[in-house]
Structure formats: structure tokens, C-alpha cells
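The shown structure was predicted, so the numbers you read here are calculated from the model rather than taken from an experiment.
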Amino acid sequence: MQRPERHTSYRWEWVWGGAFLLVVGAALLALALSRADAWALVVGDLLLGTFGWGAPLEALVAAGYLAFFEEIAEAARVAGATAKPAVQIWLYAGPGLALWVAGWAALAFGIRRSDSESEPPSEAVGSKLYPRLQGYRDFYWSTLAAYGGGILLAELAVIFLHTLLVGADNEPVGNLVSGERGLGVPPLVAFSFALAVGSAIAFAGGFIGATRARRLSAPESTIALIYFGLPVPIILSLMRQVPQLMVSLGYRLREVTYLAGLLGQDRPELGYWLVLAGLVLMLYLGVTTGFVATSSGRLDIAAGFELFVARRHVSVFRPGLLLGAFAVLIFGIIPPLVVWAVLHAAAAAVERTRIRALGKADPLQGAKALHQLKLKAQSPTAMMTALSVGGVGVGVMALIIVLSVMSGFEIDLQQKILGTNAHAVVLKYGESMGEYEQVMEKIKGVKGVVGQTPFILNEVMISSEGNISGALIKGIDPETVGDVTDLPKYMLPGGSLEGLVDPEKIIPKRIAPKGGAAIDDRPAAAELARPAGSQGIIRTPEAEEDDFIIAPEGGSEAPLPGIVLGRELAAQLKVVVGDRLNVVSPLGGELGPQGPMPKSRPFRVAGIFYSGMFEYDSKFVYIALTEAQRFFGVKGATGIELKVADIDDARRITRAVYDRLEGYPYRTKDWGEMNRNLFSALRLEKLVMAIILSIIVIVAAGLIVATVIMLVLEKRKEISVLKALGVPDGGIVKIFLAEGLQIGVAGGVLGLAAGLAWCLFIEKVGIKLDPEVYYIPALPVRIEPLQTALSVVIAVLVTFLASIYPALKASQVEPVEGLKAE
């Protein structure tokens, strides 16, 4: 017997009464919270309670508070908290809670479900239901489990595998694996492998869930994303704000936090949500693939027939279309359009002349030829296809060019930074490293370290005649500094690092005496000529004419120690090789009447370097390590600079150095940590630019949606014939997905070719820049295979996803609807 249809009825007096009780109860509860000063504790719980799993979680938390209420109250009393009397609070909380419960009860009583008066049964009672409705189910719990389990397991797999492969700093990851150290894999390699495994798990979860439901299952996927996908990134994002999470998870997941923080300084949350977006994309790809493969009721992954139909239907890979789109990408819109218009007009004129001549001889043949000419004219759908291919190509080309140029800037900046600075440094807490030679012996045995040199670093003031500037002075070992940095390569002609060890070899670059060469290349030791036993100074006419600094009387004077400074600092101080400088340090001086006195010492410019980085060329100066030790009164060195074989693996190698030195009082820093802010800003800028330029691909995806919908409207009759011949819904979906995919592949390949062509043009021909402003002579370009391939893959995936909706609409066309007008 057929069940009567049910409907909802309202008893408005109960509904309004219940609503009134709810408002009064909520007001009393709010007043009780205000009396107890507990709003700060409750707001977060109320927000959490808005989620489906929030209410049970809050109930468990509340039960825990009730179980330990006495201990919590005693701890608050000991801490000095001024609590309100419990009786005063419950005067408001008790009635408020009672009214709140009564209000909901009244609302439940006021909303009733009852049987409605049904119409008399029709003659179709007992007939077979429409198959699409017969097998329909509104919800599949197994599909929800597959989607939710897939996305949750994918997130946990990424975190677990990355931590396992990289390993924790200085201690085993015993809480995550079986107490063994990590494998020491470089972070980027470990993350790529972990992300690939997580993507495969998410894809498999989506595929299995769609196979069970044999539809896209939007409700199940949405619920799975909210309740299973969001908790992990939310917890990771809150980890830095909630001390309890930081204590319990922070030290275990510091490798994950470090890698996520590379995208932006103090913004690891961006990395968490980007990974989630990638996993969700793979989940929905799995859902789409599973639906297409099993929508016919069985596993059908063959698509040869569908691809043949799609290729003949949309005709994307026509030579004329591809060449025209490529010409537009390379030369712009106007020149190819003008050429096409000229050629098209000429061909049309020739063809119409031929048809006219044919029509004079045989009017029927002329009319037939004219009809065929009209059939060859492009339809609006063909024009939309060309625009869609061009839109995807423009997006991919722009993305490749911009990312390659930004990668060129990043690599150029990285080379300059690592050319001037070391890949890693070893420092010591609280004091200088007097035993640096023994430390260097220990570091020699660490695999991956290819060079090391000691250094002393301090801040000083440098003055010349009438000019003064602050600088960072660095004591170096000229013999080993070239093993770690590119400072010897940066030296400009006329100077060298040999002047730091042997100041007598300094050759001043000054205007020569009248009648001599343009540049005087006399060594600095020949500046003063003093016979043996002379108490004064016998100056040559050339020396007097050069206006050299006169040495004090009273015996022979050793040449001044050498100093090397950057080109910008030399220009600011107006000095050249051979000139004298004074270095003033507030540290290491003697005590005077008013406290410590600054210490000053003269130096001779031994050379000028040019690294191409304004910050280094205007602030850094170098002296010999032994001179720095005497000047600052330091025994040993500030630290040791290291050069590693693989800069991408510098963090693991520095950790191995730290382990070799047995930790405290030593500490290590790699180049990524020392320049984290700068490179994080560059990566974040590149990511933002990629997202902005991806809008072009999204616009092209909109064109693809319009194109495929127009194809569906044009081919309704053909779709109906195919379905009447037994092609399932999944087969129709395959055809139109293949058409959208072909548009994406064609546009991606054209954009790839055009982008690489433009990058090679910029690299070989060059776009000149002003070196005085940009410190580089031309626009740098670096084509990275991975990001170039990702640009094409993302464009193809976006176009594939854009084809899903029109493909589903095409699969819903019924044979009767398409053939009823025939």
C-alpha cells in the first residue's frame, strides 16, 4: 500500500513561545558568563560548537572540566584569581539553562510532521519507475568514508613521510617512527616524494568513493572536505598561537613548519593551505575519473571510441588553427590578423571567381559549389574553440615567462649572496672560538663539506680625508677564503688579496708625476725613501709632488696593513688602491676619564671588490685575520665559514657538522636560515605572481565551458542517437571531457612552445638594463623544468575540470528530447 505523503505543520503559539524562552535563556546565560568573566574562555568553544563535530568535542571537554573542577578552582585560588561567588553566578546560569532547554522543547513540539491529503492514484501505479530515479540514492556512507578517509590519510601521509625522510634535529623521531633517526633526505626531495604519495592516496580515495556511488556525489565530498580535510590544516595553523599545541606537536613537526615557512617569513599557514588545495584537487580528479570509469555500471576504462569521436568533432589539432594561434602568441594579435585577413580575402576572391566561371557553364554545378563553400565557413563553435585554445596558450606563455624571469632574479641574487657569504657558518655561544683550528680539523671529516675558513666580524667606522662611513669589517684568511667564497674573483684590476698578507706589494693607483705615465705603479714601500741611520725624511721630488702622508721622524716605519673594501664604499670615501684609511672601533680601546676610548688604526687600501650587491659593496671591508685579532684583541676567531657540495642539502650537512662538534657550546646556521627573510619574500612574490597570472587560465577555462556547452547544443541530435545505440552516460561524459582536454592540451603545448621561445629570445638577445640601477646588465632568465611543466599541467587540469559541468549536462540529454523534432 502506498504511504501517504507527509508535510510539515507549525503551531505558531508554541514556536513563538519557544523562541521567546530561547532569547530569555540566552540573555541569562550571557549575564552569568559576564558575572564570571568567562567570555574569553567560552567564545572559542561556541565557535567550535557550530561545526558538526564541535558539540560532542565540547561535551567531552566540559566533562573533563567537571571531573577536575575542584583542582581547577584550587589552582585558580592559589594563583590569586578573584572568583565570583558560585551562588551568585548560578542565580543567572541555572534559570537561563532551564529556559534554554524549555525553549528548544517548545520549538520541537510546535513543529510537527503529519500526513497530507493525497490525490487519487493514477493509472501508472505499479509500473516500472524511470531507471534514472529507480537507482537513485541521496547519500552513500561508504562514499563519504572513502572521500573523508582519502583526504585525511593523504594529509597525514604528507606530514609523516616528510618527517620520516628528513628526520628531526639532533634527536630521533621516536614519537613518529620506531625510534630511529630520519633518513637525512634533502627537504625538497622529501617533500616532493611525500606530496606524490599523498596525492596518490587522495586520488585513490576519490576514485573508490565515486566507484561506489557511480556519480560525483557532491554532498559526500563537501562533508568529507569540511569534517575530515579541514581539521589538520586548522590545527597546524593554530599551532603557533596555542601554547598547548606547540608543546605537544611543535617540536615533532618542526621540519614541516620549517618547510612551510620557506614560502613566507612567519607565514607557514600559507604552505599548509596550499598543500590542502593540491590534495583536494587530486581528490576531485579521482572522483571524476571514478565516475567516468564506472558510470555505466561496470569498470570501463577504454576510451578509444570516445577519443575518436571527440577528435573528429572538435577538430582542435588542425594545422591552420595551431599555426595561427602560435603566430598570435609570438607576434601579437595585429600582425597575424592582418596577414590572415589578406590571405583569406585573396583566397575567397579566387574561389568566387572559379564558382562564377563554373556557374556560367552549368548553373546547377555553380550553386552546388557555392553551397559547399558556405559549409566550409567556420561556425561560431569553431571560432570559440580557437579563442579557447588561444586563451589557454596566452595564460601558459605568460606564466612561463614571468616565472622564468623571477627565477632568473632569484638565482642571480642567490649566486651573489653565496659568492660573498658562506653556505654555512659555525659559531660559539658567548665567546670567541680560540680553538678554531681544532674545530676545523673535526669538520674536515664531515661528508659534504668542501671548504672552510675562519673569520672575525665586527662593526666599525671608516674615515678618509673628509669622509666617514659605517661598515662591517671582516678578518679573513686570504689563503683559504677562496675555498669558501668568490671574493678573489670579485677583485677589480689593480688590487688583490695578497696586499692583506704582504702590504709592501700594494700598488697605489694615483696620478703620476708630470712627464710620467698616466698611472704610477710604484709599490707602497717606495713611498718613503729613508737612508740608513737617518733621523729625518728625505722625500723625492716625485713624492713631494704626489703629496703623500709624511711619516714621523725617528727610525724606519713598517708599511701600513692592507684593507679591501667594496666599490660603492670606495666611491663614498673617495679612495683608490694605495690610499690611507682610518678604522675606528668602539671596542677594545683603553679606559679614559669618561669610560672606554675608541680604538683607531690606519690601513692602506689593498684592493677594491665588486660583487654586484649594493648592500655588500657599500658595507663590507676585509682585513687579514691576524690583523683583526691584534686590532680587536681577540684570541682565535668569531667563527668558521663553510662551503658545501650541494647548497640545497646545506641544512642536513650543517646538522651533521653540529653533531660532529657534539652540540653546545657550538651552533650552526645554513645560508637559508641566514637569508630566510629575503628568499621567503622572493618565493612568496613568485607564488603571488603565479596565482595572479593563473586568472588568465581561469578566463580561458570559462571560454572552454562556453565552447563545450555550444557543442552540446549543436550536437543534441547526435548525442541522442549515440545514447539510443547504447552508449552509456559515462561514454557521453568521456566524449566531452576529451574535447575539453584536447583544447587544454593544444593550448598548453602552444603556450609552452611560445613561452620557451620568448625565454630563449630574452636570454640570447637580451633586454638591456641599467647596471647602475639594477646591478645587472640584462634581464636574467632561468628556465626551470619542474615549474615549466607544472604551468602546463595546471592549465590542462583547469581546462579538464572546466569541462566536467558541460559534459554532465550532455550526458543528461535523453534520446526522446534530442529526436522529437526529427
Query raised in the report: Hey, what do you get for CD (Glu739) to NZ (Lys734), rounding to the nearest 0.5 Å?
Result: 15.0 Å
Report task. Identify whether the distance between the nearest side-chain nitrogen and carboxylate oxygen of Glu641 and Lys669 falls below 4.0 Å. Result -> no
Report task. Taking the side chain as every heavy atom from C-beta outward, state whether Val405 and Phe409 have any pair of such atoms under 4.5 Å apart. Result -> yes
Query - Over 12 foreign heavy atoms within 6.0 Å of CZ, Arg667 - result: yes
Query raised in the report: In a check of side chain to side chain contact (heavy atoms under 4.5 Å, CB included) between Val287 and each of Tyr147, Phe203, Phe207, which one passes?
Result: Tyr147
Query raised in the report: Is there side-chain contact between Val745 and Val792, with at least one heavy-atom pair below 4.5 Å?
Result: no
Report task. Compare every heavy atom of Ala422 with every heavy atom of Val484, then report the nearest pair and how far apart it is. Result -> CG1-CB, 3.6 Å
Query - Any Leu285 side-chain heavy atom under 4.5 Å of Met282 side chain - result: yes
Report task. May I ask you to test the Phe455-Val481 pair for a side-chain heavy-atom distance under 4.5 Å? Result -> no
Query raised in the report: Looking at CG of Leu153 and CG of Leu279, how far apart are the two atoms once the value is rounded to the nearest 0.5 Å?
Result: 11.5 Å
Query raised in the report: Looking only at atom types and distance, does a side-chain atom of Trp758 sit under 3.5 Å from a main-chain N or O of Ile400, one as donor and one as acceptor?
Result: no
**Report entry** Stepwise side chain to side chain contact (heavy atoms under 4.5 Å, CB included) check, Ile608 with Val564
**Finding:** CA-CA 6 Å; Ile608 298 175; Val564 173; over 6 Å; no
Requested in this report: Would you check if the side chain of Thr485 reaches a backbone N or O of Gly482 as a donor-acceptor pair within less than 3.5 Å?
Outcome: no
**Report entry** Close side-chain approach of Ile159 to Leu236, heavy-atom, < 4.5 Å
**Finding:** yes
Report summary line: Nearest heavy-atom approach of Ala194 to Ala157 is CB-O, 4.5 Å
Query raised in the report: Does Gln452 offer a backbone N or O that forms a donor-acceptor pair with the side chain of Asp483 under 3.5 Å?
Result: no
Report task. Indicate whether any N or O donor in one side chain lies under 3.5 Å from an N or O acceptor in the other, for Ser407 and Gln787. Result -> yes
Query raised in the report: Does Phe609 have its ring centroid less than 6.0 Å away from the ring centroid of Phe620?
Result: no
Query raised in the report: Can you check whether Thr288 reaches Leu737 side chain to side chain, under 4.5 Å on heavy atoms?
Result: yes
Query raised in the report: Is there side-chain contact between Arg655 and Thr668, with at least one heavy-atom pair below 4.5 Å?
Result: no
Requested in this report: List the atom of Pro478, the atom of Leu497, and the distance in Å for their closest heavy-atom pair.
Outcome: CB-O, 4.1 Å
Requested in this report: For Asp617 and Ser611, test the side chains for any donor-to-acceptor distance below 3.5 angstrom and give the result as yes or no.
Outcome: yes
Requested in this report: Give the minimum heavy-atom separation between Leu750 and Leu322, together with the two atoms involved.
Outcome: CD2-O, 3.8 Å
Query raised in the report: For the residue pair Ala753 and Phe326, what are the closest heavy atoms and their distance?
Result: CB-CE1, 3.7 Å
**Report entry** Straight-line distance of Phe160 CZ to Leu165 CG, nearest 0.5 Å
**Finding:** 9.5 Å
Report summary line: Looking only at heavy atoms, the pair that brings Cys759 and Ile783 closest together is CB-CD1, 3.7 Å
Requested in this report: Before giving the answer on side chain to side chain contact (heavy atoms under 4.5 Å, CB included), spell out for Tyr272 and Glu155 the whole-Å C-alpha distance, their side-chain angles and the decisive distance to 0.1 Å.
Outcome: CA-CA 10 Å; Tyr272 304 148; Glu155 293 172 343; over 6 Å; no
Requested in this report: Could you verify whether a donor N or O on one side chain and an acceptor N or O on the other, from Thr453 and Thr480, lie under 3.5 Å apart?
Outcome: yes
Requested in this report: Check for a donor-acceptor pair, side chain of His423 on one end and backbone N or O of Val644 on the other, with a separation under 3.5 Å.
Outcome: yes
Query raised in the report: Checking side chain to side chain contact (heavy atoms under 4.5 Å, CB included) for the pair Tyr658/Ile653: CA distance, chi angles, key distance, verdict?
Result: CA-CA 9 Å; Tyr658 182 83; Ile653 296 174; over 6 Å; no
Query raised in the report: Does some side-chain heavy atom of Ser791 sit less than 4.5 Å from a side-chain heavy atom of Leu403?
Result: yes
Please list every donor-acceptor pair under 3.5 Å in which a side-chain atom of residues 185-192 meets a protein atom from a residue at least two apart or in another chain.
| unit_1 | atom_1 | unit_2 | atom_2 | d |
| --- | --- | --- | --- | --- |
| Ser192 | OG | Leu188 | O | 2.8 |

Query raised in the report: Taking atom types as modelled and ignoring hydrogens, do the side chains of Ser237 and Trp273 form a donor-acceptor contact shorter than 3.5 angstrom?
Result: yes
